[in-house]
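Below: the structure, in structure tokens.
Atoms considered below: every heavy atom in the structure, side chains included; atoms not considered: hydrogens, waters and symmetry mates.
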Amino acid sequence: MAATAASGLQMATARPCISSSHRVVKAGAAILGASSKGASWAKLASGSHISSIQPFQRTFMSSSVKLNKVVTKATSESSDSKPVSGLPIDLRGKRAFIAGVADDNGYGWAIAKSLAASGAEILVGTWVPALNIFETSLRRGKFDESRVLPDGSLMDITKVYPLDAVFDNPEDVPEDVKANKRYAGSSKWTVQEVAESVKQDFGSIDILVHSLANGPEVSKPLLETSRKGYLAAISASSYSYVSLLKHFLPIMNPGGSSISLTYIASERIIPGYGGGMSSAKAALESDTRVLAFEAGRKNRIRVNTISAGPLRSRAAKAIGFIDTMIEYSLANAPLQKELSADEVGNAAAFLASPLASAVTGTVMYVDNGLNTMGVGVDSPIFKDLDIPKDNHQG
């Protein structure tokens with residue numbers, strides 16, 4: 001069981017992962033002690049999990065605003081310590097499958113850590129072409145620093161499954177993909193096969209997380225997006241969630257939780273977020289409500305989605321767009337701080353826990369309140385207004 005020393009997690013205030021399905025992945029690296037303050041939670045990947053996007057330009061009135069990153073870490077306690085006061089998030093005895101973990105830098109990884117810190121056992125699904133790199137990095141200890149949980153132990157990934165959520169079953173896989181050398185050596189990686197493998201290996205799960213998306217034409221305006229590109233974005237970014245829940249629902253224990261990740265572009269215009277990705281996120285949110293009804297009635301499974309604000313990732317920093325969005329958020333959101341990966345992870349842990357037993361069909365915004373704004377207060381038109389600033393920025 002992952003993070004066996006963690007008795008609970010105390011709330012204080014954008015395809016999947018790969019490993020041979022025949023073996024358990026355990027990176028046996030040294031455990032970092034309490035002095036390892038430098039061991040940070042994984043930096044969060046961009047909300048769309050996309051490979052490229054063209055930045056849009058904007059002049060910011062509040063260019064002098066400092067980036068003040070506030071990290072809200074979940075706390076955990078050792079199993080032999082005294083009970084803590086408050087409402088702990090205790091997921092001991094629960095098993096989670098997170099689809100869309102390919103490194104230690106994305107939403108999926110952050111959610112896996114929060115679930116592990118709460119005591120849940122972690123299974124992951126990784127996009128087939130990324131399997132070898134992820135598995136090798138995990139085995140060689142490259143992720144050990146970012147595996148450190150609040151109690152000092154390392155997150156344990158019980159098993160990694162190859163997964164390509166674009167394909168429901170073997171019959172859907174075209175010959176060119178089957179012959180692709182990036183898929184050589186891997187088997188049973190369609191959604192149906194992965195669900196069957198998890199059932200054979202573990203019997204059931206309690207938590208399902210969808211943390212993957214792809215828009216091959218995301219850099220194109222919607223008017224320039226091809227039918228093929230548009231449908232590809234819908235398939236990989238929204239229908240993949242329907243398929244995952246459809247195939248995993250029979251092995252989910254009643255009272256379980258299913259979570260996906262969305263983005264504000266589903267309901268607001270975000271220039272540069274094209275190729276049908278905004279439509280895909282809108283579909284994902286609509287599907288969340290319908291699936292909440294169907295899965296709730298059928299197996300008492302709660303279905304929610306998290307709309308996360310802009311976060312830094314290696315991929316997003318390389319293209320520059322994420323820096324623009326973070327600066328915009330910092331200037332205009334009610335909370336003037338940079339969002340951290342673990343804040344999204346903590347929200348997911350709450351939604352997966354009994355504390356959210358009556359919460360389903362919702363879009364939970366974890367974006368420092370940016371979604372509530374009707375205008376950009378950094379606009380020159382508001383220069384004469386006395387707009388309050390955060391007085392606690394360091």
Side-chain angles (χ1 to χ4, degrees), residues 14-17 44-56 98-103 105-109 125-130 163-168 172-174 176-177 180 182 191 209-244 259-288 305-326 328 344 363 367:
R15 306 203 200 191
C17 209
L44 196 58
S46 65
S48 59
H49 294 256
I50 53 181
S51 58
S52 64
I53 189 168
Q54 293 188 0
F56 63 88
I98 300 108
V101 181
D103 56 29
N105 194 240
Y107 282 127
W109 181 272
T126 304
W127 186 42
V128 183
L163 171 66
D164 191 330
V166 168
F167 304 108
D168 297 331
D172 291 342
V173 184
D176 63 321
V177 174
N180 192 312
R182 298 193 299 171
V191 176
V209 178
H210 176 276
S211 178
L212 53 94
N214 183 50
E217 298 182 17
V218 69
S219 62
K220 294 182 178 181
L222 189 58
L223 283 174
E224 297 176 15
T225 300
S226 69
R227 181 184 296 271
K228 181 179 179 181
Y230 184 95
L231 294 178
I234 295 289
S235 174
S237 309
S238 53
Y239 185 77
S240 58
Y241 184 44
V242 177
S243 180
L244 274 172
I259 303 165
S260 65
L261 291 161
T262 186
Y263 183 51
I264 192 66
S266 62
E267 52 185 294
R268 300 284 189 271
I269 299 168
I270 306 294
Y273 193 77
M277 281 302 301
S278 57
S279 306
K281 292 301 183 182
L284 181 67
E285 293 179 15
S286 178
D287 292 342
T288 293
T305 188
I306 295 174
S307 182
L311 292 123
R312 284 182 213 281
S313 69
R314 295 186 190 97
K317 287 172 69 175
I319 59 176
F321 179 77
I322 195 66
D323 291 322
T324 303
M325 293 306 298
I326 288 175
Y328 179 85
V344 175
V363 176
D367 63 354

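In this structure, OH on Y239 lies 13.0 Å from CD1 on I234, to the nearest 0.5 angstrom. Atom-to-atom distance recorded for I269:CD1 and L222:CG is 11.0 Å, nearest 0.5 angstrom. The line from OG of S235 to OH of Y230 is 13.0 Å long, rounded to the nearest 0.5 Å. Distance check: L212 CG to L261 CG gives 9.0 Å after rounding to the nearest 0.5 Å. With rounding to the nearest 0.5 Å, the separation of OG in S278 from OH in Y273 is 8.0 Å. For the atom pair I270 CD1 and K281 NZ, the distance stands at 13.0 Å (nearest 0.5 Å).
The nearest pair of heavy atoms linking A165 to V191 is CA-CG2, 3.7 Å. The shortest non-hydrogen separation linking V101 to W109 is CG1-CE3, 4.0 Å. Pairing each heavy atom of G275 with each of T225, the nearest pair is CA-OG1, 3.2 Å. Of all non-hydrogen atoms in G108 and S211, the two that sit nearest each other are N-OG, 3.1 Å. Across every non-hydrogen atom of R182 and V128, the tightest pair is O-CG1, 3.8 Å. Nearest heavy atoms, Y107 versus G309: OH-O, 3.4 Å.
Within the 4.5 Å cutoff, side-chain heavy atoms of F167 are placed close to those of V177. Counting heavy atoms from C-beta outward, T288 and V363 have side chains that stay 4.5 Å or more apart. Side-chain contact between L284 and S237 is absent, with no heavy atoms from C-beta onward closer than 4.5 Å.
The side chain to side chain donor-acceptor pair (under 3.5 Å) check on S226 picks up E217, with sequence neighbours excluded. E285 meets the side chain to side chain donor-acceptor pair (under 3.5 Å) test with T262, S266; sequence neighbours excluded. Partners of D168 according to the side chain to side chain donor-acceptor pair (under 3.5 Å) rule, which considers only residues two or more places apart in sequence or in another chain, are S243.
Between the side chain of S240 and the backbone N or O of V166 there is no donor-acceptor pair closer than 3.5 Å.
Using modelled atom types and a 3.5 Å distance limit, the side chains of S307 and Y263 yield no donor-acceptor pair.
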Are I259 and I306 close enough, and set up right, to give a side-chain contact (heavy atoms from CB on, under 4.5 Å), and what steps lead you there? CA-CA 7 Å; I259 303 165; I306 295 174; 4.1 Å; yes
